[in-house]
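Take a look at the structure below.
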2 protein chains.
Amino acid sequence: MALVEKASAKLEALPLYARVRNSLVDRMISGEWKPGESLPSEFAIAEELGVHQGTVRKALDTLTAEGLVVRRQGRGTFVAEAEDQSILFRFYRLTRNSGNKETGFPDSRYLSQIKSSASPQEQALFGISGRDYVWRFERLRSDVTGPILWEQLIVPEKRFPDFSEKTQLPNNVYQFYGANYGIIVAKVAEELRAVTGSREVCDLLEMPPASPLLEIDRRAFALDGKIVEWRISQCRSDTMHYRNELK
Amino acid sequence: MALVEKASAKLEALPLYARVRNSLVDRMISGEWKPGESLPSEFAIAEELGVHQGTVRKALDTLTAEGLVVRRQGRGTFVAEAEDQSILFRFYRLTRNSGNKETGFPDSRYLSQIKSSASPQEQALFGISGRDYVWRFERLRSDVTGPILWEQLIVPEKRFPDFSEKTQLPNNVYQFYGANYGIIVAKVAEELRAVTGSREVCDLLEMPPASPLLEIDRRAFALDGKIVEWRISQCRSDTMHYRNELK
DNA sequence: AAGTGGTCTAGACCACTGC
DNA sequence: CAGTGGTCTAGACCACTTT
């Protein structure tokens, strides 16, 4: 039952706490603990794996730093939900320019929602074949002041088997992925560019044609390292900006 | 000599390791240890402050996570330099689009360099008065393929007393701040927008007039929490993009 | 009161660096 | 070889949450 024989530990590449961390991640991937559910206590994990509680703590500290679990004193350790660490700042960096009025979380209007075969680029991105399908969503996000951004969202059908033309994506899609498919978004990579808005998008955003827009090309990675979502957004840049803090 | 009486620890708001961390940061701010210099060993700090070595380790782990120190097994603990954690990715997120040819670190050509009184916005930003001065640098950064970005860089004279019209800023200004003024840039906040390039900037960047440019408004914070540099960059967005990874 | 995570001390041993 | 940071165990006590 021990995670590894301690005698062989010296031969292993990774320190013990890192192997504990990995074994916990594996069990999250397998779905043993879904987002929002609690993990066993430090002592329980330590006993199960045959290591000291302090070593388990270090593994859990690592997971906390990675944002994969949330620990609450007196309550327990929980698989992080997309809600935790305030999605608004974790994955949503767009902010109104000033007059910091809270305009609330943006609402989404879906413009289209179709299943189609994966393009070569999508095949490469998602690691799927030409016979596989992807779902493409096109939506317009607005807050009380009006339209903010236009967005195309693409996911591989394989990982979201029972989608249909009627599937309603909620505002917080990452929580939706977690709750319904056990998919934990562990990392997001974004590329930002300034582009000239097409006539169609400018119309949707209620801007003059050829306005400069902030384009965000985002890939969301699941715990297993594979891309589960590709998203291209074009955002008004007159009233909004993208915030980033580097430490 | 002890950091705090342990008896009074219960009354303190912060845990011991956090107070150790803060006292170490204070000494970095005071200039006792400058960027690149080494701190005392864990045991030495522990003895000096009258705490256990494990507590000092936790404080140093925190500082490592914050990027303020770098630890090297067998050698010691060093105040982080701007070079550490590879400046290219820490504070320089601009990358060529594809054909990932390494085009090298961009070179800078200075277009102007003047001292002038602080505008109201600059007074607020830097916390200085209307009688204080700022230095404004305007530069064009290029790599082997040509111009990449135009940039205006503003620093308060107070913190950089012996600047002159002849001061040559090196490419890596943060290392320069550290080595020459003991200023450790602890945090950088950026706001990104898409803008329409002015005729002058488009000319400098060798782009058609009114091209969409990626504008980056950046404030650099020193260890003491004050802003030490304000920078506005406008970057070509046809060949370059801004990369960001959210975890 | 019992169970959880958070802090702090204690000490052993390992791995790496530089003399 | 001595000195550094890195890992791992061990156990005490505290703070918070739930029952």
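Naming: A, B, ... by sequence-line order, numbering from 1 per chain.
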Distance check needed: [N] [atom2] versus [X] [atom1], whole Å only.
X: A:Phe78; N: C:dT4; atom1: CZ; atom2: P; value: 11 Å
X: A:Leu16; N: C:dC14; atom1: CG; atom2: P; value: 15 Å
X: B:Leu60; N: D:dT4; atom1: CG; atom2: P; value: 13 Å
X: B:Leu39; N: D:dG5; atom1: CG; atom2: P; value: 9 Å
X: A:Glu42; N: D:dA10; atom1: CD; atom2: P; value: 15 Å
X: A:Glu47; N: D:dA10; atom1: CD; atom2: C1'; value: 16 Å
X: B:Ile45; N: D:dG3; atom1: CD1; atom2: P; value: 17 Å
X: A:Tyr17; N: D:dA10; atom1: OH; atom2: P; value: 19 Å

*Evaluate whether atom OH of B:Tyr110 has more than 12 neighbouring non-hydrogen atoms of other residues, nucleotides or ligands under 6.0 angstrom away.*
yes
*asked:* Using a 6.0 Å cut-off, check whether atom CZ of B:Arg109 has over 12 heavy atoms from anything other than its own residue.
replied: no
Write down the protein N/O and nucleotide N/O pairs, taken from nucleotides 17-19 of chain C, whose separation is under 3.5 Å; answer none if there are no such pairs.
unit_1	atom_1	unit_2	atom_2	d
C:dG18	OP1	B:Arg75	NE	3.4

*Pick the nucleotide of DNA chain D nearest each of B:Thr77 and A:Thr55; which residue has the one closer to the 5' end?*
B:Thr77
Under a 3.5 Å cutoff, is there a donor and acceptor pairing between the side chains of [X] and [Y]?
X: A:Glu229; Y: A:Tyr174; answer: yes
X: B:Arg21; Y: B:Thr62; answer: no
X: B:Asn244; Y: A:Tyr242; answer: yes
X: A:Arg141; Y: A:Ser233; answer: no

*Decide yes or no for B:Asn180 and B:Phe160: does some side-chain heavy atom of the first lie under 4.5 Å from some side-chain heavy atom of the second?*
no
_Quick check: do B:Tyr181 and B:Asp162 have side-chain heavy atoms less than 4.5 Å from each other?_
yes
*Validate the cation-pi geometry between B:Arg72 and B:Phe78: distance from NZ or CZ to the six-membered ring centre under 6.0 Å, angle to the ring axis within 45°.*
yes
*Remember a base hit wins even if backbone is also touched, and classify B:Phe43 as base, sugar-phosphate or nothing at under 4.0 Å, heavy atoms.*
nothing
_B:Arg57 side-chain N/O to D:dG6 phosphate OP1/OP2 under 4.0 Å_ = yes
Under 3.5 Å, which protein N or O atoms sit close to an N or O of nucleotides 11-13 of chain D? Give each pair with its distance.
none

*asked:* From the set C:dC8, D:dG5, C:dG5, return the single nucleotide nearest to any side-chain atom of A:Ser41.
replied: C:dG5
*Among D:dT7, C:dC8, D:dG5, find the nucleotide with the atom closest to the side chain of A:Lys58.*
D:dT7
